[in-house]
Every structure is written in structure tokens, then in C-alpha cells.
Asker: 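Pasting in a structure now, in C-alpha cells, and then I'll have a few things to ask.
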Protein chains: 2
Amino acid sequence: MTHRPYHHGDLRAALLTHAEETLKERGPAGLSLRELARDIGVSPAAPSRHFKTKQALLDALALEGFDRLSALLIAAQDEAGESFAERLTALTRAYMGFAAANPALLNLMYSVKYDPSVPSALAKASQRLPELAAQLIEDGQRRGEVCQGPVEEIGLPVMAAMHGFVALAIAGGIQADAVEQGLKNTVAFALRGCAP
Amino acid sequence: MTHRPYHHGDLRAALLTHAEETLKERGPAGLSLRELARDIGVSPAAPSRHFKTKQALLDALALEGFDRLSALLIAAQDEAGESFAERLTALTRAYMGFAAANPALLNLMYSVKYDPSVPSALAKASQRLPELAAQLIEDGQRRGEVCQGPVEEIGLPVMAAMHGFVALAIAGGIQADAVEQGLKNTVAFALRGCAP
DNA sequence: CTACCTTGTAATCATTGACAACATTGTAGT
DNA sequence: ACTACAATGTTGTCAATGATTACAAGGTAG
């Protein structure tokens with residue numbers, strides 16, 4: 001019989017995986033380091049080698065979330081057409097998809113910030129989305145499909161509309177069967193807001 | 001010496017007040033029913049008479065938050081001018097003010113929903129904001145300052161832009177000194193998005 | 001005045017996050 | 001190969017917490 005080796009192999013990754021599952025099912029408060037350890041089959045104190053505190057685990061989860069989200073959004077744009085409208089639609093749809101699949105994670109990603117003790121890596125990761133929006137706008141301006149002006153001034157409202165829509169959708173402010181139509185309306189609204 | 005009476009008088013309100021303070025300072029995870037009881041000067045189990053679980057207290061806090069927010073937004077509109085632009089600006093500014101003063105509370109208000117076990121009162125309260133937006137739009141349409149069309153279809157994107165801006169702002173996605181300018185830009189953006 | 005309902009108390013339980021001391025494993029330098 | 005040493009897991013322990021139960025005090029309606 002092969003007894004479990006003393007070292008897990010990749011406990012850190014296992015913790016993150018299980019943690020995200022629990023987060024989805026029971027929220028941040030329902031997440032217990034000890035329970036994670038039990039599920040994975042290590043001692044109660046083992047997780048502390050990788051995440052000093054529970055908050056550190058949550059931060060890592062959020063950071064990973066930003067990584068995945070920005071990768072997803074970039075991929076969505078690469079697969080989309082070239083017009084600004086197509087790209088904005090693709091981006092919003094991808095964002096909505098991520099949010100629908102990981103509502104609790106998205107919430108976590110945007111929950112930690114007002115805390116003064118934000119890990120700098122997290123703060124930096126959260127800035128990547130506005131940058132992505134800025135790039136999209138800049139591209140649209142070059143194509144003459146977006147009005148001229150400082151990129152940040154146009155990008156922020158666009159970003160706000162997209163993020164707000166997604167946030168409201170997962171918060172239940174939008175009925176599930178109205179999401180698709182709402183998404184189209186919001187994108188159309190944003191397109192008019194920054195039309196040349 | 002006047003010893004504390006057996007009954008507190010209004011323990012429920014005291015709990016909510018202290019809870020909100022703690023929430024602001026240390027977030028939902030840092031909120032402890034026992035600590036609240038200590039601070040107020042009652043026994044550890046006393047809070048359970050008013051809030052069966054910690055989650056129930058958080059829900060009540062969120063519900064109260066929706067009440068205060070919608071009252072604030074209504075008041076802001078009443079004090080504002082009559083034009084759609086003025087009203088939308090006033091509403092957004094009031095929303096931003098509330099969020100800046102109570103970031104953790106706003107976060108809580110929008111955190112609980114993806115949980116299937118949402119108290120119906122809370123779900124209902126969260127619907128009041130979209131309704132308020134719808135009313136604003138309707139008014140704007142009557143004045144000929146907003147394009148015609150189904151109120152929900154126009155109101156949702158406007159609401160999304162406002163909510164998204166506020167959410168990003170308190171999440172740190174917007175530098176503090178850029179908030180004012182960002183607000184103006186977002187409102188202008190929304191006005192163009194639903195111009196007739 | 002009495003019976004009952006609300007509100008608070010006391011005592012207890014399992015669970016949790018965190019920490020310290022120790023054990024095991026992998027590895028870098030010799 | 002041998003030997004430090006760093007990384008990773010384990011055991012044991014602690015105070016704090018959320019929740020529950022049985023009981024006491026205080027209000028209130030008949």
C-alpha cells in the first residue's frame with residue numbers, strides 16, 4: 001500500500017483550487033483553512049506554510065482571479081472582429097461570462113480594496129483592466145470609430161458601464177433572462193456615448 | 001449606584017449602530033457578535049434574540065443600507081434642478097458620496113445576492129434603485145431630454161454606468177483626486193448615451 | 001394578580017485561526 | 001557521498017467565536 005508521502009507535491013495549488021470551490025459554494029466567510037486541509041488530506045497547520053493567514057489566501061485567490069480575467073478578456077478580443085463595436089461586445093460578453101461563472105470570486109476581487117492594507121500586487125493587478133479598456137479605446141480612436149479626446153476620460157466611463165452592468169447582473173439586479181438583452185442595450189448605450 | 005437595567009431598551013438598534021462602525025473599520029469578517037455584545041454591555045448571547053445568526057445581522061445591515069441610500073438619492077433629486085442633466089448629476093454625486101462614506105456597507109449590500117438564500121426583503125430593497133433610475137428616465141423622456149424607448153432598456157445602462165463608476169471608485173480603480181473629474185466624464189458619457 | 005411573552009443571562013460545545021516546537025524531505029555546496 | 005540548510009508537514013496548544021440550551025427577569029394583557 002502506498003501511503004501518502006510526507007510532502008504533498010503542490011499543496012499551494014491544491015489549496016487555491018479547493019478554496020475557489022468553497023468560495024463559490026459558501027462565500028468567503030464559509031471558507032475554513034482547516035476544512036481545506038482536511039479535504040486535501042494534510043494537517044491543519046499545513047496551509048499556513050503557503051498562506052500565513054486566511055486573508056492571504058483570499059488575496060491570492062483574488063490575484064489569480066485578475067490574472068484569469070485579463071487573460072480571458074484579451075483572448076476574447078483577439079478572437080473578435082476588428083471593429084470597435086465588435087471588440088467592445090466581445091469584451092463585455094467575456095466579462096459577463098466570467099462573472100456569471102465566478103460571481104463570488106469577482107466579488108472578492110473588488111471587495112478587498114478599500115482595505116488600507118492591500119497587497120501591492122493585488123492593487124497592481126486590478127489596474128490591468130482599466131489599461132485594457134484604454135487600449136481598446138485607443139484602437140477605436142485610430143479607426144475613427146470613437147470620438148477623440150484623452151483616453152482615460154473616455155475609457156473610464158466605458159469601463160464603468162461594463163463593470164456596472166456585470167456587477168448588477170450577478171448581484172441579482174437583473175433577471176437572468178434579461179441579461180442578454182441588457183448586455184446588448186448596455187453595449188449600444190456605450191457605443192453611442194463614445195461615438196465620434 | 002445605578003446598575004444597568006436588565007433590559008437594554010433598544011438593543012437591536014445599538015447592535016446595528018455598533019456593527020456598522022466595526023464593519024467600516026474591519027470589514028464583515030472582523031465583525032464579531034460577542035465583541036458587539038461586550039461593547040454594548042450585554043451578555044454574549046443577547047444579540048441572538050435580535051439576530052439569529054451573524055449573517056442575519058449582516059443582512060439587516062445591508063437592508064438598512066438600501067433604505068438609507070434610496071432615501072438619500074430621492075432627497076438629492078428633490079433638491080436638484082429640473083433638467084435631466086442636473087438630476088442625473090445630483091443622483092450620481094449623492095451615490096458617490098454615500099459610497100465614499102460607507103464603502104464597506106455598499107460592498108456588503110451588493111455581496112449577498114448571489115447567495116441563493118437571500119432574504120426576500122433584501123432582494124426587494126435592492127430593486128428600488130433600478131426603479132428610481134427608471135423614474136428619472138421617464139421624467140427625462142417627458143421633458144424631451146432623453147431618447148424615446150422602453151424605460152428599462154435605457155434605465156439599465158444608465159444605472160450600470162453610475163453604479164460601475166461608483167464601484168470602481170471605492171475599489172481603488174480610480175485615484176482619489178481623479179474621482180471628481182471621472183464623475184463628470186461618466187455623467188457626460190451617460191447623457192450622450194441616452195440623448196434624444 | 002396572574003399567566004404569558006419578550007428580552008437578557010449563564011453555561012456549554014464544536015470549530016476556527018494562529019502560533020510554537022518538532023519531524024521529515026529535498027537540495028546546494030563541498 | 002556527506003553535510004548543512006531551507007522548505008514543507010505535523011503535533012499540540014491557545015484564545016476567540018458562533019451557536020444552542022436551560023433558566024431568570026421584566027413587561028403586559030386578561
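Sequence lines set the chain letters: A, B, ... in the order given, protein chains first and strands last, and positions in each chain run from 1. Just so it is clear, the structure is predicted and the values come from calculations on it, not from any experiment.
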Asker: Any salt bridge (Lys or Arg N to Asp or Glu O under 4.0 Å) pairs touching residues 65-75 of chain A, not counting sequence neighbours?
Answerer: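 For residues 65-75 of chain A: A:Glu20-A:Arg68, A:Glu64-A:Arg68, A:Asp67-A:Arg128.
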
Asker: Measure CG/B:Leu11 against P/D:dG26 and give the value in whole Å, please.
Answerer: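 Spelled out: CG on B:Leu11 to P on D:dG26 is 16 Å.
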
Asker: Looking at residues at least two apart in the chain, or sitting in another chain, which of them share a side-chain hydrogen bond (donor to acceptor under 3.5 Å, both in side chains) with B:Thr17?
Answerer: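 side-chain hydrogen bond (donor to acceptor under 3.5 Å, both in side chains) check on B:Thr17 returns nothing, list empty.
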
Asker: Test: salt bridge (Lys or Arg N to Asp or Glu O under 4.0 Å). Region: residues 79-90 of chain B. Which pairs qualify, not counting sequence neighbours?
Answerer: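 Sorted result for residues 79-90 of chain B: B:Glu82-B:Arg143.
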
Asker: I'd like to compare against my own output: the B/S/- annotation of nucleotides 16-21 of chain D with a strict under-4.0 Å heavy-atom distance to protein.
Answerer: -BBBB-

Asker: Kindly say if A:His50 contacts the phosphate of D:dA7, meaning a side-chain N or O under 4.0 Å from OP1 or OP2.
Answerer: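 No, A:His50 has no side-chain N/O under 4.0 Å of OP1/OP2 on D:dA7.
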
Asker: Applying side-chain hydrogen bond (donor to acceptor under 3.5 Å, both in side chains) as the test, list every pair that has at least one member in residues 162-181 of chain B; sequence neighbours left out.
Answerer: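 As it turns out, the side-chain hydrogen bond (donor to acceptor under 3.5 Å, both in side chains) pairs with a partner in residues 162-181 of chain B, which skip direct neighbours, are B:Arg93-B:Glu180, B:Tyr95-B:His163, B:Gln181-B:Asn185.
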
Asker: In whole Å, I'd like the distance from the CZ atom of A:Arg12 to the P atom of D:dA7.
Answerer: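 It works out to 14 Å between those atoms.
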
Asker: Tell me which pairs pass salt bridge (Lys or Arg N to Asp or Glu O under 4.0 Å) where either residue lies in residues 33-54 of chain A, with sequence neighbours left out.
Answerer: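 Residue pairs passing salt bridge (Lys or Arg N to Asp or Glu O under 4.0 Å), neighbours aside: A:Arg26-A:Glu35.
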
